[in-house]
There are 2 protein chains.
Amino acid sequence: MQALSGRFRNPLLGVTIYDIASAAGVSIATVSRVFNGHPRVSCAARDQVMEVADRLGYQPHVSARSLARRRANVVAAVIPMLTNLFFVDVLRGLQDRMAESEFDLLVFSARTLDEVDVQLDRALARGRAAGVLVFSTPLADARARRLGHTSQPVVLVDSVHPDFDSVSTDNVEGGRLAARHLLETGARRLALLMAHPDSIPASDRKQGFTEVLDTAGLDADSLRIVHASDPLHHGYSEAAGYDAMKRLLHAGDRPDAVFATSDVQALGALEALATAGLGVPDDMRLMGFDDIMLSRHVGLTTVRQPMYELGRLAAERLVTRIDDPDREPAHTVLSPRLVVRGTTVDTTVARSLRRIQPVAVS
Amino acid sequence: MQALSGRFRNPLLGVTIYDIASAAGVSIATVSRVFNGHPRVSCAARDQVMEVADRLGYQPHVSARSLARRRANVVAAVIPMLTNLFFVDVLRGLQDRMAESEFDLLVFSARTLDEVDVQLDRALARGRAAGVLVFSTPLADARARRLGHTSQPVVLVDSVHPDFDSVSTDNVEGGRLAARHLLETGARRLALLMAHPDSIPASDRKQGFTEVLDTAGLDADSLRIVHASDPLHHGYSEAAGYDAMKRLLHAGDRPDAVFATSDVQALGALEALATAGLGVPDDMRLMGFDDIMLSRHVGLTTVRQPMYELGRLAAERLVTRIDDPDREPAHTVLSPRLVVRGTTVDTTVARSLRRIQPVAVS
DNA sequence: GTGAAAGCGCTAACAT
DNA sequence: ATGTTAGCGCTTTCAC
């Protein structure tokens, strides 16, 4: 066995296939084949290569590999508003699925939807990622074109567009669940705390919500709608909820039930109510959307999105599409579920309900 | 201006510097120089190159770049227990700082400390990352050697080791703050809800905690210590806290104050108390550590770690070290802060305290 | 089954 | 200031 060749450098930093090849007495092609599970290699050669590689602590160089293969070994996730606990669970699902694949996960987070475009460009950089997951981002023309112009597989999470794979929750149905529940508790003067009006999920929830109210025969006056004033996080923030509730209370003619388009908003609203000295659910019923971890502790009634599954499925879909880029876009829609807690019904009732419908720990 | 050369492929997929060079009538070296901000290029050439690159939608290929430069364009963060809300805030700080740099962020999460080693290997793969951030991971010999053997810059977050840069909170001091506060509320029969005994942060908090009790002259009998039974998440979980509190109550001789080594544990403990029909703070005082977002809503007294700053500083430190790998390891220790809420003192008092010491929104 | 050789797209040292 | 050229470490034909 001859000594390591002239290519030898820092033994820890740069063991290359050349080093392995010369130490194992084979060509670099054989080494490469061994590391790519190529079938046409003799057992003898394979064993020899593996032994040497092990001894020298060889690791393939990821950039060299992806350059030669013309395929990146990471996927990118573009996530606006990581502050929203919603994304934490989704991210977990994503992580878990990706850990099983050959891909690593690049995370780009954005505080506003404008920042999303910047991060999207970073994520779509040539050779950067084998695929991109785009979270909760309305795909107006410019952005859709940008995504369409790339040959990279794209999967939309929590938003929908005909040209791309998507995984989302049935937000319209979620809105219906909320409306039905509030009506069932006896509420008649309702209010809707909206996120930014551009937000597709929020609009969908609104649609389902108002649809049920219409069907129930409530007139237009019985629903008040308050929009988030702050564009930050697209209105999905405690501050936005707090502020919206303040304005709602200030306007007089207090509603008896409020549906916020997200839990974070609802929590802000809850604080505004506490500050105003109002009790929940006695003075006002309140519910949110998402079922983030916090909501269980606070006892907030909400519509649960299967967040972890959302992340896992999205990752699954992306991996599938990377392997087969030419399939038709598929759209997966998950069902939301009502979770009744103490902010809409008397707590003793809520407790017994909770016992029947235990909180899922995903 | 001649047409694109034979190297021309998919106009969207693979515009290379060769395409730009021939279209702009310069050499590839000049194109490269323009894109690397090299000073010695004429304005004319620069403008011409930029114009063409813009028109053709050129983007440098990241893998090719990092291969040629011998430097990756991403940094990796290895994060155990992403479920713990603690990490969410740290991650935000990280993200914000990294967005300002040339580096993108690769996230590796692990559910247990064993998984950390697997993810660490992925993160340390040759050519993968320009640097690695390792979160909350005890660096026993094997792991420290593994990290020492790589030439990649490593920054420890929430743990300390002489060989590496680190950014952490003064956990011993945090433990002291907790003990002093509980003593001040009049508590005399104390209990400590520990995470896994291997956890360095938890041990440090314990050390500070017991130190103050000793100084105050409490005998050994007045402190009961319960360890997390479940190794998952290293004991930093609601389930662990719930279980530990159950065992504590079951053992009889109820303590009048409990310090949990993390907020998530404290929340679990809180549930166990509620289930047992015990009130807080009347029947028992309870406090945690971290000050995750949830704690404010629940009204949990706790010791706040500056999580966002932890993330930001760690990122800062890593970027610095990548630029200058030979500097001495630096250790930054941030100060924790007591945050008094309703689980240790009567709520009206807590409210007035809160007014004086408003919750920081980082 | 194996090796030689031609790239992958870029950077950087060396010329001029 | 600009071009030529030799890599970076790997994959992948194409011969044999």
Side-chain angles (χ1 to χ4, degrees), chain A residues 4-10 13-49 53 56-73 102 125-128 130, chain B residues 4-49 53 56-73 102 125-128 130:
Chain A
L4 294 174
S5 76
R7 288 184 66 100
F8 183 83
R9 285 173 308 281
N10 181 329
L13 190 61
V15 183
T16 73
I17 47 172
Y18 287 89
D19 302 324
I20 307 296
S22 68
V26 296
S27 78
I28 59 162
T30 299
V31 179
S32 174
R33 286 190 187 105
V34 168
F35 276 92
N36 288 295
H38 195 100
R40 299 168 110 68
V41 252
S42 69
C43 281
R46 166 167 286 120
D47 291 350
Q48 173 70 353
V49 166
L56 268 50
Y58 169 75
Q59 284 195 295
H61 189 290
V62 286
S63 294
R65 199 171 233 195
S66 73
L67 180 60
R69 279 187 179 157
R70 292 162 196 78
R71 191 216 245 207
N73 36 34
E102 64 190 303
R126 197 161 52 100
R128 152 69 74 236
Chain B
L4 295 173
S5 76
R7 287 183 67 99
F8 182 84
R9 284 172 310 278
N10 180 329
L12 298 164
L13 191 61
V15 183
T16 73
I17 48 172
Y18 287 89
D19 301 325
I20 307 297
S22 68
V26 296
S27 77
I28 59 161
T30 299
V31 178
S32 175
R33 285 188 190 107
V34 168
F35 277 91
N36 289 295
H38 196 99
R40 301 168 107 68
V41 253
S42 70
C43 281
R46 167 167 285 120
D47 291 350
Q48 173 70 351
V49 166
L56 268 50
Y58 169 75
Q59 283 195 293
H61 187 116
V62 286
S63 294
R65 199 171 234 194
S66 73
L67 181 59
R69 279 185 177 157
R70 289 166 197 77
R71 190 215 247 207
N73 35 34
E102 65 191 304
R126 197 161 51 100
R128 153 70 74 239

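Computed from a prediction, not measured in an experiment: that's the story for all the values here. Lettering follows sequence order; numbering is per chain, from 1.
A pairwise comparison of heavy atoms in A:S66 and A:A72 identifies CB-CA, 3.9 Å as the closest pair. Smallest separation of non-hydrogen atoms from B:R126 and A:Q59: NH2-O, 2.6 Å. When all heavy atoms of A:G127 and B:S63 are compared, the pair lying nearest together is O-OG, 3.6 Å. Across every non-hydrogen atom of A:L67 and B:A64, the tightest pair is CD1-CB, 3.8 Å. Taking all atoms of both residues into account, the shortest heavy-atom contact from A:Y58 to A:V15 is CD1-O, 3.1 Å.
The side-chain contact (heavy atoms from CB on, under 4.5 Å) search around B:N36 returns B:S32, B:R65, B:R69, not counting sequence neighbours. Under the rule for a side-chain contact (heavy atoms from CB on, under 4.5 Å), B:A68 has no partner lying at least two apart in sequence or in another chain. With sequence neighbours left out, the side chain to side chain donor-acceptor pair (under 3.5 Å) criterion links A:T30 to no other residue. Residues that satisfy the salt bridge (Lys or Arg N to Asp or Glu O under 4.0 Å) test with B:R70, not counting sequence neighbours, are absent from this structure.
In the region residues 63-73 of chain A, proximity to DNA chain C at under 4.0 angstrom, judged on heavy atoms, holds for A:L67, A:A68, A:R70. Residues from residues 32-44 of chain B lying near DNA chain C, meaning a heavy-atom separation below 4.0 Å, are B:S32, B:R33, B:N36 in numerical order.
Evaluation of the salt bridge (Lys or Arg N to Asp or Glu O under 4.0 Å) test over residues 28-46 of chain B, restricted to residues two or more places apart or in two chains, returns none.
Distances were taken from every side-chain heavy atom of B:S27 (C-beta onward) to each of D:dT4, C:dC10, D:dC10; the shortest belongs to D:dT4.
When the side-chain nitrogen and oxygen atoms of B:T16 are compared with OP1 and OP2 of C:dG9, none of them lie within a distance under 4.0 Å. Checking the phosphate oxygens (OP1, OP2) of C:dG7, no side-chain nitrogen or oxygen of B:Y18 falls inside 4.0 Å.
Using a 4.0 Å heavy-atom cutoff across all strands shown, B:V26 reaches sugar-phosphate atoms only and no base atom.
A:I17 has its CD1 atom 12 Å from the P atom of D:dT12, to the nearest Å. Summarising the geometry, the separation between NE2 on B:H61 and C1' on C:dT11 is reported as 14 Å, rounded to the nearest angstrom. Between the CD1 atom of B:I28 and the P atom of D:dT2 there is a distance of 15 Å, rounded to whole Å.
To the nearest 0.5 Å, the span separating NE2 on A:H61 from OG1 on A:T16 amounts to 11.0 Å.
One axis for each end of the helix from C:dG1-D:dC16 to C:dT16-D:dA1, each built from five base pairs, and the angle between them comes to 30° at 10° resolution.
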